[in-house]
Number of protein chains: 2
Amino acid sequence: MRPDPNLVIDPASPVPVYRQVVDNLRSLLVEGVLQEGDTLPTVRELGMELGVHFNTIAEAYRQLATEGWLELKRRRGAVVMARTTPVEQSEVVEQFHRNLRQLVAQGRADGVSIRTITQHLKEMMEEFSA
Amino acid sequence: MRPDPNLVIDPASPVPVYRQVVDNLRSLLVEGVLQEGDTLPTVRELGMELGVHFNTIAEAYRQLATEGWLELKRRRGAVVMARTTPVEQSEVVEQFHRNLRQLVAQGRADGVSIRTITQHLKEMMEEFSA
DNA sequence: TTAATTGTATATGTACAATATACAAATTAA
DNA sequence: TTAATTTGTATATTGTACATATACAATTAA
């Protein structure tokens with residue numbers, strides 16, 4: 001079975017397409033929407049659907065394979081693997097903190113109200129307890 | 001006076017340097033660390049400090065000027081302007097939501113624990129009520 | 001008026017993103 | 001077993017964007 005991840009990519013974004021694909025899929029993997037043993041669409045299928053060349057998708061899959069999320073076999077497509085989460089490192093935490101700050105700042109600058117931001121942060125936290 | 005923003009840039013990051021500078025400064029602007037009337041370092045000063053070419057800094061300043069944060073005058077340097085926050089738009093909010101999701105996913109994939117993430121999200125919220 | 005300081009404009013080298021195309025492996029069907 | 005098809009891979013090419021070098025223009029100060 002090939003669950004359609006229903007990705008949102010923005011061709012106008014400064015972030016390269018292959019990385020948008022990586023980021024989208026990583027979210028689904030972390031959240032468990034895509035689980036061990038699931039098979040992703042073929043590079044050609046997903047490329048067609050997103051309107052980009054299949055090599056761009058292949059690059060994204062390779063990146064996720066490097067991160068330990070996927071196993072790529074010829075003809076069998078990309079299969080989601082079991083993956084052990086790395087140990088928490090302070091440097092990574094600091095990077096996370098900086099990125100979060102900048103994301104919130106970007107949102108506020110773009111007009112997202114403090115109320116809305118708070119709401120989304122809260123939602124995000126509640127997903128964990130659930 | 002020229003407050004030193006004390007920016008953190010990572011030459012190894014895939015995010016281009018000029019955008020790292022933009023993101024860092026935008027945080028300081030949104031948070032009010034840099035306020036109306038403040039003057040930023042000259043492009044050559046900041047470039048020297050960060051070890052990049054001054055044109056790279058100029059590009060960042062121009063970006064922030066486009067966003068309405070800075071006014072650039074020859075010889076007078078970059079001056080922080082009063083800026084009216086745009087009205088909240090649903091599309092922007094959705095983008096913010098996607099970015100937040102991806103940031104958290106990235107963090108979890110890199111080993112940041114749910115506990116740590118929750119802690120940072122909470123901190124961020126508390127900054128608003130303060 | 002002259003000199004120094006600063007942002008701007010243009011050109012260039014380099015790296016990376018995205019594609020085109022040919023190839024190799026694995027499955028399926030005859 | 002063999003041939004055809006489906007897939008990911010490898011390599012080359014093209015275009016775009018990042019970063020720099022360098023010359024220029026404007027403004028301030030001496």
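None of these values were measured; they are calculated from a predicted model. Proteins get letters first, then strands, A, B, ... in listed order; numbering begins at 1 in each.
- Atom C1' of nucleotide C/dT6 and atom CD of B/E71 are separated by 15 Å, given to the nearest angstrom.
- Donor-acceptor pairing under 3.5 Å is lacking for the side chains of A/Q95 and A/E91.
- Rounded to an integer number of Å, the gap from B/Y18 OH to C/dG7 P is 19 Å.
- The side chain of A/T56 places an N or O atom within less than 4.0 Å of a non-bridging phosphate oxygen (OP1 or OP2) of C/dT19.
- A/Q20 and A/N24 are not linked by any side-chain donor-acceptor pair at a separation below 3.5 angstrom, with hydrogens and angles left out of the test.
- Comparing atom distances between the A/L72 side chain and each of D/dT9, C/dG7, D/dC18 picks out D/dT9 as nearest.
- Closest to the A/P16 side chain, of the nucleotides C/dG7, D/dG8, C/dA18, is C/dA18.
- Ring orientation note: the planes of B/H97 and A/H120 are tilted relative to one another, at an angle of 30° to 60°.
- For the 3.5 Å distance criterion, the side chains of B/S27 and A/Q102 fail to qualify, holding no donor opposite an acceptor.
- D/dT6 atom P lies 11 Å from atom CD of A/E45, rounded to whole Å.
- With hydrogens and angles ignored, no donor-acceptor pair under 3.5 angstrom links the side chain of A/R76 to the base of D/dG8.
- Nearest nucleotide to the side chain of B/R74, out of D/dA26, C/dA26, C/dT6: D/dA26.
- When distances are taken from the side chain of A/N55 to each of C/dA17, C/dT21, D/dA19, the shortest belongs to C/dT21.
- At the heavy-atom level, B/F54 lies under 4.0 Å from base atoms of the strands shown.
- No continuous path of ILVMFWY side-chain contacts below 4.5 Å connects A/V30 to A/L121, so the two sit in separate hydrophobic clusters.
- Here D/dT13 presents its P atom at 16 Å from NE2 of A/H53, a figure rounded to the nearest Å.
- Across all strands, B/R62 comes closer than 4.0 Å only to sugar-phosphate atoms, never to a base (heavy-atom distances).
- The nearest whole Å value for the distance from the CZ atom in B/R19 to the P atom in D/dT16 is 18 Å.
- For the pair B/R75 CZ and D/dA26 C1', the interatomic distance rounds to 10 Å; values are reported in whole Å.
- What separates CZ of A/R44 from P of C/dA22 is a distance of 13 Å, to the nearest Å.
- A straight line from CG of A/L40 to P of D/dT6 spans 20 Å, rounded to a whole angstrom.
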